[in-house]
Amino acid sequence: MPASELIERVSTLMATRAPSALQSECTQLERRLREPVRVAIVGPVNSGKSTLVNALLGQRVAPTNKSECTRLVTWFHYGHPQRVEIETDAGVVKAVPLSADGFLPDTLGVPVESVRGLHCYLANESLKDVTLIDTPGLGSVHADYSASTTELLALGANSSEAAQRADAIVFLFNQAVMQDDYAALQLFKEAGGPDTLQSAANAVGVLSKADQLGDPMGDPWAVAVELAGQYAGRFEAEVSSVVPVIGLVAETSEAAALMERDVQHLAKLAAMEEKAFSRLVWSTDRFVSASAPVEPDDRERLLDLLDMYGVKRAVGFIRDGVTAAIPLRRELSGVSGIAQVKKSLMRFLGPQDHVLKVRSVIDSLERMAYAANRGGRPEMDAWLADIEELRLDPALHPVYELEALHRCYVGRVQMSPEQIAEMAQLFAPGSAANRLGLGDVSTPALLSAAQAGMNRWQTFRVTRADPGQAAVARVVIRSYQILWKELQ
Amino acid sequence: MNPRVEELVRSSSGLLRREERPKIADGLESRLRAPAGSLPVVLVAGEDKRGKSSLVNALIGRPNLSPVGVDAVTGAPISFSYSETEHAAIQRYGEQDEEETDFETARRLATIQGNPRNEAGIRSVLLGIPCPLLQHITLVDTPGVGGLHSGHAELTLQSLQFADALLFVSESGAQFRAAELEFLRRASARIDTVVIAFTKIDANRGWKQILADNTAIFREQAPRFASCPVVPVSSLLALRSYENDDDEEAAEMLAESGLSRLQASLQDFVVARASVLRDANLLREVVRPLAGVERSLTERLSIVSPSGGAKQRLEAEQRRLKDLNEGKIERPRRLDTEVRKLSLQRSEDVTAGLGEIRRRYEARLKNPSKSDMDTMPGEAIADLTALASRLNEAAAQRLSEIVEAILEDIDASFSVSDSMRLSTAERLQEQLASLSMSRGSLSGYDKMSILSCFSSGKSLGGLMSGGGLGVTASAILSPPIGIAIGIGIGALYAYSAFKGKARASFAADFRSWLNEQCSQTQTIVNSSFQREIIDLQEEVRRLVKDATADREADISESLAEARRLMQSEQQRQQGALQSLQERRNAVRQLQRQVTETLKELSPVPAASLAGVPASGAPAAGAAAPSPA
């Protein structure tokens with residue numbers, strides 16, 4: 001059953017068969033099902049989270065001054081009219097408008113300590129499929145700021161908290177990964193509960209501020225890619241990939257903050273003599289204060305928009321002939337790495353997201369039911385049976401496949417390379433023939449291949465597998481079963 | 001040296017000679033003649049990737065000296081000291097001597113890439129370079145603290161007690177993180193002098209804002225550091241200037257880099273403070289001898305004075321001392337009891353500490369990631385080392401308390417003679433020099449290390465300084481000094497045994513390896529301690545005996561002199577009394593001057609050296625730049 005139908009099924013099930021005791025939780029979960037996937041952007045202070053949010057939105061909303069600014073967990077939802085709702089501890093919701101230049105308001109009119117979170121509604125297309133959550137940085141000297149992020153991450157899949165929990169996180173790595181960063185990642189995974197298979201299915205990494213890596217005279221990308229690769233290896237159990245990005249350049253180009261007049265200023269810099277220009281870019285202080293054909297204020301603006309690497313690249317493009325704002329922005333976006341970030345986020349979005357959501361809703365339902373079932377009440381048992389049936393729905397199976405495969409890749413479960421290859425092939429999308437590793441053959445042949453696969457793994461499971469391997473084997477057997485059914 | 005200090009020490013020495021304490025006088029005079037002693041050691045610490053190594057390179061003037069790179073690089077502490085020609089050596093765990101090697105090899109072995117998981121068992125790397133700055137200070141580059149290679153944090157903190165100053169490196173792209181602030185707080189408990197370098201100002205457009213933020217953070221959360229010099233600097237600009245052919249450009253770059261600000265800070269701050277501390281330590285030396293003379297003179301005056309009692313008291317004391325020397329009093333036993341208690345405590349502590357380490361690693365073994373497999377063995381070594389040196393510190397502390405208490409007792413009852421302390425120091429120094437470094441001994445200290453570039457005015461000089469045996473005991477029981485502490489129990493352990501092992505067996509292998517290391521640690525911690533303690537007990541016993549013997553002689557002398565005086569005529573008696581009083585006044589006056597001067601020199605909070613009398617260096621308060 002396609003994922004969207006699955007959602008309807010769960011929704012109907014909750015509405016019709018859920019025991020009355022669990023109605024209110026079900027309502028919350030229902031809402032959850034309908035909402036877009038929730039992705040939290042998490043990382044140490046000053047790592048560029050808000051900048052990345054703006055880049056992803058293509059709109060500058062989250063404040064990004066140099067000082068530590070994000071102090072509250074801020075949700076970005078799709079919605080009209082554009083507004084900011086302040087959720088206080090007391091549950092009060094107060095609405096304030098965005099500031100004149102489109103940013104979140106500086107002052108909220110209520111004491112910061114009493115605010116639980118901000119909910120910003122924007123008529124922004126990107127938010128139709130995903131809800132972004134900007135968070136205060138980790139490891140801050142202001143312990144209470146970081147605490148709200150840690151709280152967010154620690155929210156379990158229990159009923160009341162599930163509504164607030166993020167489905168996935170984007171974790172920003174700096175040049176060096178600190179102990180408390182690592183601890184935060186672990187927290188998120190653990191909070192998912194013991195049932196949640198420990199996998200990296202719902203976390204991706206971003207190596208931010210890639211332009212600051214390595215020698216400023218050299219090319220930071222080479223270094224960035226290498227470092228990202230290293231981190232991907234080191235943290236393969238925690239994140240599924242690590243992608244480098246230059247957040248500021250991405251923000252400026254995606255949000256079209258670079259104006260024509262900025263381009264004109266850049267052109268003047270591009271026209272400077274090589275030696276004079278290289279003397280200008282020794283340092284940021286020099287760039288804004290030394291003498292040059294562009295006013296210091298304008299230069300400062302360029303630096304705020306692009307930083308040194310961005311300015312150098314822009315000047316390079318201009319010298320290559322890209323002289324108008326729109327194409328220049330496109331080029332800059334290209335070198336910012338934002339496209340790769342979006343791609344890695346895609347694994348949370350699209351058809352996949354429904355499956356993830358449904359899975360976590362089902363987890364929550366089950367947990368709630370067990371918690372409430374302390375007397376072995378018959379209606380609870382029936383309900384649990386319903387949930388179990390839901391779990392077995394083929395539409396959910398891809399999630400289990402993904403997690404099983406990941407566990408094998410990271411070595412949590414020992415499988416031979418042949419077994420892993422077989423799994424990867426079987427789980428990949430494609431025709432039945434592809435998945436079975438056969439060419440153009442008749443259906444009966446495919447059927448018997450699927451049957452053979454089932455038997456092979458069944459034997460393995462019963463005779464040689466340890467518990468971890470057995471769990472994976474069950475998933476593989478089910479995959480073959482589903483395939484077999486499809487072929488009928 | 002502060003001329004006033006020199007003058008006071010000379011006066012004291014002269015007085016002591018007149019008062020017939022030539023040995024002490026000799027000792028003081030030789031201290032005056034001795035060279036300034038070793039250079040102040042500056043530890044460079046900070047989180048990974050904050051630019052520590054680049055900064056060291058910039059300060060020394062050689063790009064790529066301390067290896068830099070994208071991934072956190074420094075794997076072992078590297079010390080930089082002065083030498084006419086380039087020179088390099090490495091120290092391995094379990095070895096007592098340095099191993100000479102070529103420059104390049106040493107540099108490579110100090111990095112994580114060049115020596116992954118510390119397979120080569122490097123404890124520290126020592127580089128000698130003909131750099132002018134190093135003629136004034138010794139720099140030590142350390143592996144980053146808060147990073148995932150976090151086993152190093154504890155070791156770096158412990159090394160601080162042997163350093164003279166901390167150069168903490170923080171970068172200008174982000175505010176202070178909680179971990180950095182925490183490290184600074186812990187560091188400040190162990191070291192007075194802290195300079196903060198605020199790096200990468202060339203690359204961060206908002207550095208002034210961040211600097212202001214950090215200053216505010218200090219004010220709010222760590223006021224002790226609010227008066228620390230914080231120096232904005234760009235290592236990169238400095239390093240580029242060294243390679244720039246265009247002289248004018250190079251000069252401009254260097255000026256902009258702010259490096260000279262940092263060098264000035266180090267010179268004025270660290271070097272000046274170090275010399276002030278040394279002067280103060282030397283001056284403190286005279287306090288006890290002078291007090292002894294004063295007491296002695298007072299005693300004689302009181303014997304001779306008509307109101308009796310003094311004579312009887314002294315005679316009683318003489319008898320007590322005789323009894324003590326004949327072993328009739330149980331003084332020594334107190335030492336035994338206390339030492340036994342200390343041993344037991346230490347044994348408990350090590351068991352508890354090892355248990356905690358085992359538990360922690362057990363928890364991690366439940367779900368080891370790939371990076372865990374790489375780093376856990378190294379971290380375990382660091383943890384065990386840190387535990388051992390923590391225990392040693394605690395034991396040294398306790399022991400010096402015990403010894404001080406015993407001396408206090410003796411002092412209170414018997415007015416310990418001042419020569420005791422000096423001779424104690426002399427004898428223990430000999431003992432230190434002869435204590436052999438047994439292979440694999442935890443507390444077997446490294447003589448090379450004490451005398452090597454690591455030593456600051458504290459270790460050897462500390463032997464001579466005030467505080468009795470406190471510092472001495474510490475020097476004996478300390479683990480091989482400086483950052484170069486190692487538990488020498490096969491940290492070389494076949495790391496390769498873990499390479500390529502499948503994850504499933506990793507947990508089992510690691511567990512059994514760790515258990516083995518733990519039990520070895522336990523054995524060594526306990527047994528070597530026993531050995532050292534026995535030596536120390538012997539020494540203390542001997543010293544106490546000598547002290548009491550000296551004191552007895554002193555009393556006999558006083559009593560004899562008093563008798564002689566009593567028997568001479570009135571006029572001579574008057575004359576003698578007057579002379580005694582004059583002598584005592586002279587001593588008291590000198591004591592007052594010494595106390596005043598010490599008060600001026602005594603440790604003051606970081607930057608407020610403005611009040612220090614001219615010791616040759618300008619007041620640091622003027623030289624240090626004020627934050628933005």
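Note on naming: letters A, B, ... go to the chains in the order of the sequence lines (proteins, then strands), and numbering restarts at 1 for each one.
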To check you understand the geometry: which heavy-atom pair defines the closest contact between [X] and [Y], and what is its length?
X	Y	result
Asn46(A)	Gln175(B)	OD1-N, 3.1 Å
Trp207(B)	Thr284(A)	CD1-OG1, 4.5 Å
Arg177(B)	Pro44(A)	NH1-CB, 2.7 Å

*Taking only residues two or more places apart in sequence, or in another chain, which ones meet Thr252(A) in a side-chain hydrogen bond (donor to acceptor under 3.5 Å, both in side chains)?*
none
Could you check if a side-chain atom of [X] sits within less than 4.5 angstrom of a side-chain atom of [Y], using non-hydrogen atoms only?
X	Y	result
Arg205(B)	Val288(A)	no
Ser283(A)	Ile201(B)	no
Asp202(B)	Trp282(A)	no
Gln212(A)	Glu171(B)	no

*Between atom CD of Glu249(B) and atom OG of Ser278(A), what is the distance when rounded to the nearest 0.5 Å?*
6.5 Å
_With a 4.0 Å cut-off on N to O distance, would you call Glu252(B) and Arg279(A) a salt bridge?_
yes
_Arg286(A) CZ: over 12 foreign heavy atoms closer than 6.0 Å_ =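 Buried by this count: over 12 neighbours within 6.0 Å.
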_Take a 6.0 Å sphere around CD of Glu356(B) and say whether it holds more than 12 heavy atoms from other residues, nucleotides or ligands._
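Yes, the 6.0 Å shell around CD holds more than 12 heavy atoms from other groups.
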*Applying side-chain contact (heavy atoms from CB on, under 4.5 Å), name anything that partners Val294(A), two or more places apart in sequence or on another chain.*
His265(A), Lys268(A), Leu269(A), Asp298(A), Arg299(A)
_Interchain contact, Asn214(B) with chain A, by part (heavy-atom threshold 4.5 Å)_ = neither
*Toward chain A, the part of Glu220(B) with a non-hydrogen atom under 4.5 Å*: side chain
